[in-house]
Amino acid sequence: MPHLYLVDGSGYIFRAYHRLPPLTNKHGEPVGAVYGYTTMLWKLADDLHKADGPTHMAVILDKSSTTFRNQMYDQYKAHRPPPPEDLVPQFPMIRDATRAFSLPCIEEEGWEADDLIASYAKAAMAQGWQVTIVSSDKDLMQLVEDGSLDMLDTMNNRRIGEAEVVEKFGVGPKQLGDVLALMGDSVDNVPGVPGVGPKTAAKLIQEHGDVEGVLAAAPEMKKGKLKDNLIEHAEAARMSRRLVALACDVPLQVPLDDLMLQGIPDAPLRAFLDHHGFKSLMNRLGQVADAPVPENASVPLEEDPPCDHAAYETVVDEAALDRWVQVARHQGWIAIDTETTGTDATRADLVGVSMALHPNLACYVPLGHGGNDLLSETPVQLDRNLALAKLKPLFEDPAVLKIGHNLKYDMVVLGRCGIDVAPHDDTIVMSFDLDAGLHGHGMDELAATHLSHSCIAYKDVVGTGKSQRGFHEIDLDAATRYAAEDADVTYRLWKRFKARLPAEGATRVYEMVDRPLVPVIARMERRGIKIDREKLSALSADFAGQLATLETTIHGLAGAPFTIGSPKQLGDVLFEQMGVKGGRKGKSGVYSTDVNELTRIAADKDSPGAEIAARVLDWRELAKLKNTYTDALQDEINPETGRVHTSYSLTGAQTGRLSSTEPNLQNIPIRTETGRQIRDAFVAEPGNVILAADYSQIELRLAAHMADVPQLRDAFANGDDIHSLTAMELFGEVNRDTRGRAKTINFAILYGISRWGLAGRLDVSADEAQGMIDRYFDRFPGIRNYIATTTEFVREKGFTQTLFGRKTHFPRIRSKLQHERQGAERAAINAPIQGTSADIIKRAMVRMEPALAEAGLGHVRMLLQVHDELVFELPEGDVEAAKPVIERVMATAAEPAVVLSVPLAVEIGTGASWGAAH
DNA sequence: GAAGTCACG
DNA sequence: GACGTACGTGACTTCG
């Protein structure tokens with residue numbers, strides 16, 4: 001008897017996309033879902049000759065986005081997010097794959113794949129055929145009929161018959177449509193009846209037969225929300241019933257008999273596999289019948305065995321390394337880690353590489369141990385260049401996923417060795433996207449939290465203080481235990497996070513924002529930025545002279561020398577010895593001498609401390625600039641490159657922002673004229689210029705969008721001055737004073753305002769501040785609503801989300817201490833706005849290099865990111881061509897995933913230095 | 001290592 | 001009645 005297999009191609013690729021590693025092929029195209037799809041077809045082809053196997057087969061795909069259901073209900077599937085960016089190019093490849101297997105591919109304008117599947121299935125059954133639908137779509141389960149139609153879920157190799165449908169939904173296939181209608185579907189935007197989920201729906205349909213039966217019985221039900229909802233939403237329920245019904249009478253485009261399997265011709269399939277570099281599949285061509293398909297990367301969370309340090313291998317000969325490389329190639333993924341002589345990736349030397357293929361299947365490849373008198377002799381190890389030459393093709397193989405913990409570091413180190421690691425997954429970023437705000441993301445902490453494993457401490461290997469040694473001085477056994485464990489633990493963490501990402505809704509931000517950013521940041525760190533050492537050193541000398549003069553003056557005013565840099569001593573001098581009034585002590589009993597306090601004293605001409613306070617403020621400004629910038633930055637110049645290389649942390653700021661360390665290049669002075677001079681020391685190479693592009697008021701724009709404030713939206717759309725508008729709304733007139741206050745209030749709103757905080761900033765009473773806040777909320781009710789909605793959400797869920805789905809957790813929202821709760825609340829109000837802004841500039845960074853390359857601007861180098869600003873170095877001649885590209889990429893960075901109701905404005909400047917570019 | 005201060009968005 | 005007062009960072013100095 002003919003047996004027709006109908007493959008739900010569209011449904012499959014979405015699931016495959018989320019469950020498989022994000023592989024790319026040798027052309028750099030993302031092919032994770034395509035690979036999964038190909039292995040599935042392969043699996044089906046294996047059944048070809050079995051008794052119950054397919055005789056006819058077709059793949060059904062979705063073609064159009066609008067169908068008859070949209071005419072019925074314009075909101076149908078209206079809120080579906082667009083498919084992930086790296087999935088979109090895979091859709092046409094799915095068709096290529098299908099053709100490579102010589103299978104018919106059926107898609108039709110105006111119909112969903114489900115309707116086509118239903119129509120082909122019914123037609124086949126009418127002729128007495130067997131039908132199997134390869135899908136796990138719940139709507140399709142309405143078609144299941146024991147004896148003639150079943151479903152096959154290839155991901156877990158499960159057959160679905162009537163019993164399985166009953167088990168899952170409480171009713172059989174015939175009544176499933178009624179249950180689905182009452183439940184509704186938030187993804188497809190089928191409304192259903194509010195308050196009715198799968199359990200209630202099943203119970204109602206069991207009792208009353210179908211939707212009409214339930215609605216008819218509603219007036220007789222006992223009083224309650226359910227009854228009210230059924231009556232009130234009766235029409236929605238009826239429409240939902242029509243929405244979930246499958247059309248079974250679509251005219252068949254391809255006659256059933258034409259779906260007969262022809263066998264799989266070798267050549268096109270070989271060409272397809274070769275094009276994508278699916279080597280493991282290629283190897284199996286010709287032995288289809290008995291070859292097991294490589295398991296996919298979705299690994300169940302079975303308990304792993306404890307880490308066994310004795311099982312780790314030290315790889316010191318060619319054959320052993322070849323073996324590891326080969327197995328990695330076959331498997332398709334591998335965890336890696338590098339050991340180096342230091343912590344600065346742009347300077348440290350590579351000492352060894354560790355790899356893990358499976359729990360406890362890990363090794364260490366020493367490459368630079370010994371060569372000093374602490375080890376009696378240089379241990380036997382592979383020649384560094386030879387080993388790197390063997391690792392390079394593996395680390396660059398588009399069909400092998402490289403997994404690392406903080407892989408950015410390894411990318412920088414290996415990049416300096418001529419190896420471009422790709423494709424990749426990074427467990428530190430995965431952890432951050434899942435659990436930001438809950439805990440740190442260092443490997444030791446994650447191993448303790450998720451694996452109940454305490455990692456060998458680095459300091460136990462290399463020691464501390466004077467006796468601390470470099471990793472290259474560690475004997476190979478100890479080095480192997482430590483290094484291989486890191487790769488092993490990384491592998492174990494990856495399996496868990498990989499499963500959690502889709503389950504917890506974090507795949508979107510990981511795949512669209514943070515994962516692709518890792519190599520971009522690695523390249524920025526490697527490039528560094530040129531610093532004019534002489535300029536800095538001249539500033540240092542200038543500042544030193546001024547500081548010496550100030551010091552003499554201050555000591556003279558105080559009547560005796562003291563340490564100006566000591567807040568404790570300064571407080572004593574001001575408030576005890578000189579008798580300044582109104583000193584405020586903090587909880588440690590030290591007088592506050594911060595900028596607010598000193599400014600207050602300096603402004604009071606009658607105070608005995610006015611003069612000294614003013615001089616200390618000058619001294620503080622110069623001391624800060626000299627110590628933190630003009631002196632320190634000179635020491636940060638890398639002798640090899642002559643440039644300064646910061647390190648960005650992708651997991652440092654809870655909101656999703658980057659942070660910058662060693663040195664921090666995100667807090668270079670700009671607000672005072674003296675400080676600004678330091679920016680003039682950040683320069684371009686000869687023949688080049690610095691270009692700085694920054695988003696104008698991005699957070700306020702996002703607030704206007706997210707809180708839906710029409711006046712603010714219009715003002716941004718018209719290019720009006722936003723603080724003047726706020727001043728007009730709040731105070732009825734615009735002048736310097738009201739505009740300044742309005743600006744303060746606008747920012748205060750973004751940070752979760754309190755009447756006391758605002759009162760302090762504006763120097764008004766708390767009551768007056770409260771009046772302004774009330775007025776603000778009355779003029780912009782969307783803001784009040786945003787704050788209420790956000791705080792309700794965070795109290796209930798414990799986290800906030802950005803427009804791209806980035807979560808930030810706030811465990812303190814449930815603290816029993818009121819001030820902790822309130823602090824968490826303010827941070828939660830700010831997090832979606834600051835975080836969305838971070839998501840947007842990150843997407844701009846991810847897209848920048850390809851966009852520049854496409855425009856023939858390969859010499860434009862992105863160097864720095866400062867939250868809402870990107871800094872580039874480029875040949876003078878490229879400036880005019882680069883500006884519109886950079887502007888466009890930044891302004892459209894949210895799209896198409898998020899469509900904003902405000903424009904994003906970008907301001908661009910250029911000059912010989914960073915200072916001149918502003 | 002904590003506290004205080006101050007540089008940035 | 002105490003808490004502590006605007007969000008997010010990192011670096012430097014002093015001091016115990």
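These numbers come from the heavy atoms of this one structure, side chains and all, not from hydrogens, waters or symmetry mates. Convention: sequence-line order gives letters A, B, ...; per-chain numbering from 1.
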Legend entry - Whole-Å gap separating P (C:dG10) and CD (A:Glu636): 15 Å

Legend entry - A:Phe747 and A:His723 aromatic ring geometry - parallel, tilted or perpendicular at 30°/60° bounds: tilted

Inset, instruction - For C:dG1 and B:dC6, measure between their C1' atoms and round to the nearest Å. - result: 34 Å

Legend entry - Integer angstrom distance from the P of C:dC3 to that of B:dC8: 33 Å

Legend entry - Within 45° cone and under 6.0 Å: A:Lys807 NZ/CZ vs A:Phe799 ring: yes

Legend entry - Under 4.0 Å protein heavy-atom contacts per nucleotide of nucleotides 3-9 of chain B, with B for base, S for backbone only and - for none: SSSBBBB

Legend entry - Under 4.0 angstrom between A:Ser754 side-chain N/O and C:dT5 OP1 or OP2: no

Inset, instruction - Return the value, rounded to whole Å, for the distance between atom CD of A:Gln865 and atom C1' of C:dG8. - result: 13 Å

Hey, can you pull the donor-acceptor pairs under 3.5 Å for the side chains in residues 902-918 of chain A, sequence neighbours left out?
from	atom 1	to	atom 2	distance (Å)
A:Ser913	OG	A:Asp680	OD1	3.4
A:Ser913	OG	A:Gly915	N	3.3
A:Ser913	OG	A:Ala916	N	3.0
A:Trp914	NE1	A:Glu869	OE2	3.0
A:His918	NE2	A:Glu869	OE2	2.7

Legend entry - Rounded distance in Å - CD (A:Gln818) to C1' (C:dG1): 11 Å

Legend entry - Atom pair distance, as rounded to whole Å: CZ in A:Arg755 and P in C:dG4: 18 Å

Inset, instruction - Sort by first number and list every stem of DNA chain C: at least 3 consecutive Watson-Crick or G-U wobble pairs, both distances under 3.5 Å. - result: B:1-9 with C:7-15

Inset, instruction - Determine the interatomic distance between P on B:dG4 and the same-named atom on C:dT5; round to the nearest Å. - result: 12 Å

Legend entry - Distance-only side-chain donor-acceptor flag, A:His405 / A:Asp426, under 3.5 Å: no

